[in-house]
Amino acid sequence: MTKTSHDVCIIGAGAAGSVIASHLSNKGLNVAMLDAGPHRDPQKDFASDELEMEKLFWDEPRISKGDDPIDLYRSTSGKGVGGSAVHYTAQLLRFHPNDFASADWPISYKDVNPFYEDMTKRLHLAGPSSFPWKEFGDRFPFPAHHDLSNNTLKFREGLEKMRVNHAVSPLAILSAPYDERHPCINRGFCEEGCMPDSKTTPLNTFIPEALQAGTTLIPEATAVKIETGDDRKAKSVHYILDDQLHVIEASIVVVAAYAVETPRLLLQSKNNDFPEGLANSSGLVGCYLMTNMNDHHIAKFPEEIRMYRGNPVQALTMDFYHKGFILNSYGMRPVRLASLFFENDASCVGENLRRRMLDYNHFTSFAMLGEVQPQKENRVELSGQKDRFEQPVPRVTFSHHDEDLSIRKQAKEMMEKVVRSAGGEPMYHLEAHAHLMGGCRMGDDAATSVVNSYGQTHDIENLFVAGAPTFVTAPAANPTLTVYSLAQRSAEYIESYFKSNRS
Amino acid sequence: MKDQHPKKTYYPTYDVMSEKGEWDPITQQVIQNRTHPTEGNVLTPEMKRTLQAYSKTLFPSHVGEQTLSISLILDHRLTENKLKSYPKNSLLSKEEIILYGLAHAEEECVLTDQKPFFQMSDDERLKKIISWKHQLGEESVWKNVSCDLFYTTLTSELLKLIYSDPSVWSNIGYGGPAYPRGYYAYGPKQFDSWEAKPHDENLS
């Protein structure tokens, strides 16, 4: 066992953790950051292949239950330095001002806006010179991508005929050279990790910045416990590396391990002082877990479309945001499509599946991203089962609210209209989910929330939660830009907290 | 079997592998490993026989056309610990479900038909698989895992392997790995020279 000492220990090196590590290291703090997965090099460890790149998904045991259990493997978290921001489509949107005004968000759009502006630049967003829905993003530093796939052109054609606003998606994918990185070549494997490194991820931004500033990054290290001291503050992090238990003592602990592992770690770190788990005096750690609905509509066209070409998400409409969903084009490669066919229709195997897949090149795929209501009963708990580290396997329970299902229905009808307007035949509606949020919601009241708006836990002042677990609602805009932005806001607060405690 | 199928490929002459020399070295190696897999050490010979028969029964024309060895690749994936996550609604990992399930499947066939799964006729095997799908397996046998969870989990994994097979990519006209060239020719009816040639309208 080794024992080291740092100012800050960050658990999780994804979008949130890497931003905080970079900021604090650059401000002179001594930072250690753990990640359960490896630190991969896109040029050496990535491939243009769906099956191979499943290695980017979180693959540790998780029990998924409820009326509408979520797939906790593919679309809802990543394993490895960079986290799920390595295998997403990189459509980056702000939340709408009304999103922060609703429910119990303790911050307004105005509080987040400077960080949205900052991250738009630092992530080199490419987007249209005039975005029709300016609250969701504007003044992108790189021009919009203009090599649009046939899948996207059909999507836009349908919307155009319906007189619905549409635009090229704001993407964290280079549309022109930047530094040593090349622009996108439309290879199409964004969700399999960007081998050409055109997609902007923590691996080519905040991680190298953090390392250069002195962060100690420890990959393949699984945190198993946060220990508190006699003063009831967080004192150390216990982690397993190479089958050995190690300890990092730290003045500040930041848990940035996404929406399942974050509450799980707080719950499994319970001790005599905190018998219900750390930061859980409200009893809400793990509660209000949310996702986005991410259904796809597969349509057939007389001409060949070949949806495998180009980045999956290239255009969108946000005209239906007030109804709880957005629509975007979404090309799929064969493994993903065949898997979704089977998941949604048990008869879609063997010859039935083959009949469908022979038409693959004639299919378009359009997707919705739908808002999901926060419900206390949707939660992460510890099960009685143990994993290979002798830690409790998390159990996630999820059931949809009637409002979610109403949104899903409306979005389905709208996607079919878009298809018909473009001259296609609606064929298959495939239900799916993407993203996880909640589990450690923020708020001003310690009785109804876990952390404040900076991610500082109400119960333990030197213990912070960063990233999507702190979200209060799950709006229909992709969450990652908000994750990056709120992480930067937390980082600046942690810096001032550290300095005020040191003096 | 291919000719008996109600619907033929639109791309009878396309071979995605003819372009493999143009792919990046990492992806070339990945596909080479898939088309020439090494032995794993998790599946027993009996399990491999069951698996092969299961694939052939459930995906007759796919398996007839594909070039991959499903049982070797699945064994390799099990050996590499790639199936340790849990499917939805499960308290067991994919690996546990598949291993228990393959053993139970064999056990049931010997019990009810006095012969192992792979020795049954195509019709008998299909009936068995459908009974498992509908939770109608022999209760006394399926102790460690339910037969419907076995069916769903194994079939999901087989689907992935089948649609990761370059010969199936050729069959459906999928361009496969695109790196380092990416796609250049855009717009309706514009395709890159190395993709499948556009076919005549509607060869259904």
Side-chain angles (χ1 to χ4, degrees), chain A residues 43-52 54-55 57-65 69-73 147-150 153 184-189 195-196 302-304 306 308-310 333-335 337-339 342-343 346 349-351 353-355 357-361 383 385 388 393, chain B residues 5-11 23-24 26-27 29-31 34 57-62 81-82 84-91 93 133 152 155-156 159-164 168-169 171-184 186-189 191 195-196 198-199 201-202 204:
Chain A
Q43 286 290 316
K44 291 181 186 155
D45 301 316
F46 290 3
S48 297
D49 185 77
E50 286 185 275
L51 194 65
E52 171 69 12
E54 282 195 346
K55 65 189 179 188
F57 307 152
W58 186 268
D59 62 355
E60 297 292 337
R62 288 169 165 177
I63 298 166
S64 184
K65 291 282 186 186
I70 307 172
D71 172 12
L72 296 170
Y73 172 62
D147 285 337
L148 299 181
S149 67
N150 291 327
L153 293 175
C184 178
I185 55 168
N186 297 306
R187 184 188 63 127
F189 290 86
M195 194 176 192
E303 66 269 42
E304 291 182 70
R306 306 198 185 190
Y308 56 83
R309 315 166 97 246
R333 274 125 289 283
V335 171
L337 181 60
S339 299
F342 179 64
E343 273 177 41
V349 289
E351 301 304 82
L353 177 61
R354 183 184 140 93
R355 275 186 203 98
M357 291 300 289
L358 281 171
D359 287 332
Y360 175 68
N361 277 349
S383 74
Q385 284 182 235
R388 64 196 165 111
V393 170
Chain B
H5 197 277
K7 193 167 190 180
K8 295 178 187 174
T9 172
Y10 296 125
Y11 311 100
W23 304 339
D24 66 274
I26 307 285
T27 305
Q29 190 61 53
V30 164
I31 303 303
R34 184 169 305 148
T57 309
L58 206 52
F59 298 97
S61 59
H62 283 93
N81 276 322
K82 302 221 182 223
K84 60 187 179 188
S85 68
Y86 290 16
K88 287 189 274 192
N89 271 325
S90 168
L91 301 175
S93 68
K133 173 183 172 182
T152 311
T155 305
S156 299
L159 280 180
K160 289 190 211 167
L161 303 189
I162 287 168
Y163 283 95
S164 298
V168 174
W169 295 346
N171 217 242
I172 63 175
Y174 168 58
Y179 193 59
R181 290 172 299 182
Y183 293 102
Y184 172 74
Y186 265 74
K189 299 187 178 177
F191 303 111
E195 292 181 86
H199 61 82
E201 293 292 309
N202 295 320
S204 54

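These values consider heavy atoms only, across backbone and side chains, with no hydrogens, waters or symmetry-generated copies.
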*Could you check which of A:Val393, A:Leu148, A:Leu153 has the highest count of heavy-atom pairs closer than 4.5 Å to chain B?*
A:Leu148
*With side-chain contact (heavy atoms from CB on, under 4.5 Å) as the test, would you mind laying out the steps for B:Ile26 and A:Phe46 before giving the verdict?*
CA-CA 7 Å; B:Ile26 307 285; A:Phe46 290 3; over 6 Å; no
_Pairwise side-chain contact, A:Asp359 with B:Tyr10, heavy-atom cut-off 4.5 Å (strictly under)_ = yes
*asked:* If we ignore hydrogens and angles and just use 3.5 Å, is the side chain of A:Glu303 paired with the main-chain N or O of B:Pro188 as donor and acceptor?
replied: no
*Segment of B:Asp24 engaging chain A (4.5 angstrom heavy-atom cut-off)*: side chain
_Contacting moiety of A:Glu52, where chain B heavy atoms sit under 4.5 Å_ = both
*For B:Pro87, check side-chain contact (heavy atoms from CB on, under 4.5 Å) against everything at least two apart and list the hits.*
B:Ser90, B:Lys94, B:Ile97, B:Thr153
*Is it the side chain or the backbone of B:Arg181 that comes within 4.5 Å of chain A heavy atoms, both, or neither?*
backbone
*chain B contacts, top residue of A:Gly310, A:Ala338, A:Pro334 (heavy-atom pairs, under 4.5 Å)*: A:Pro334
*If you count heavy-atom pairs under 4.5 Å between each of A:Ala346, A:Pro196, A:Ala47 and chain B, which one has the most?*
A:Pro196
*asked:* Please tell me whether B:Tyr174 and A:Asn361 have a donor and an acceptor in their side chains that are separated by less than 3.5 angstrom.
replied: no
*Top contributor to chain A interface from B:Tyr186, B:Trp169, B:Trp23, B:Tyr184 [non-hydrogen pairs under 4.5 Å]*: B:Tyr186
*Name the region of B:Thr57, side chain, backbone, both or neither, that has any atom closer than 4.5 Å to a heavy atom of chain A.*
neither
*Hey, is B:Lys189 close enough to A:Glu304 for a salt bridge, meaning N to O under 4.0 Å?*
no
_Using a strict threshold of under 4.0 Å (side-chain N to carboxylate O), is an ion pair present between A:Arg306 and B:Glu195?_
yes
*Picking from A:Leu51, A:Asp49, A:Asn150, A:Val335, which has the most non-hydrogen pairs under 4.5 angstrom with chain B?*
A:Leu51
*Enter the distance from A:Met357:CE to B:Asn171:CG here, rounded to the nearest 0.5 Å.*
10.5 Å
_Please identify, among A:Lys55, A:Met195, A:Lys44, the residue contributing the most non-hydrogen atom pairs under 4.5 Å to chain B._
A:Met195
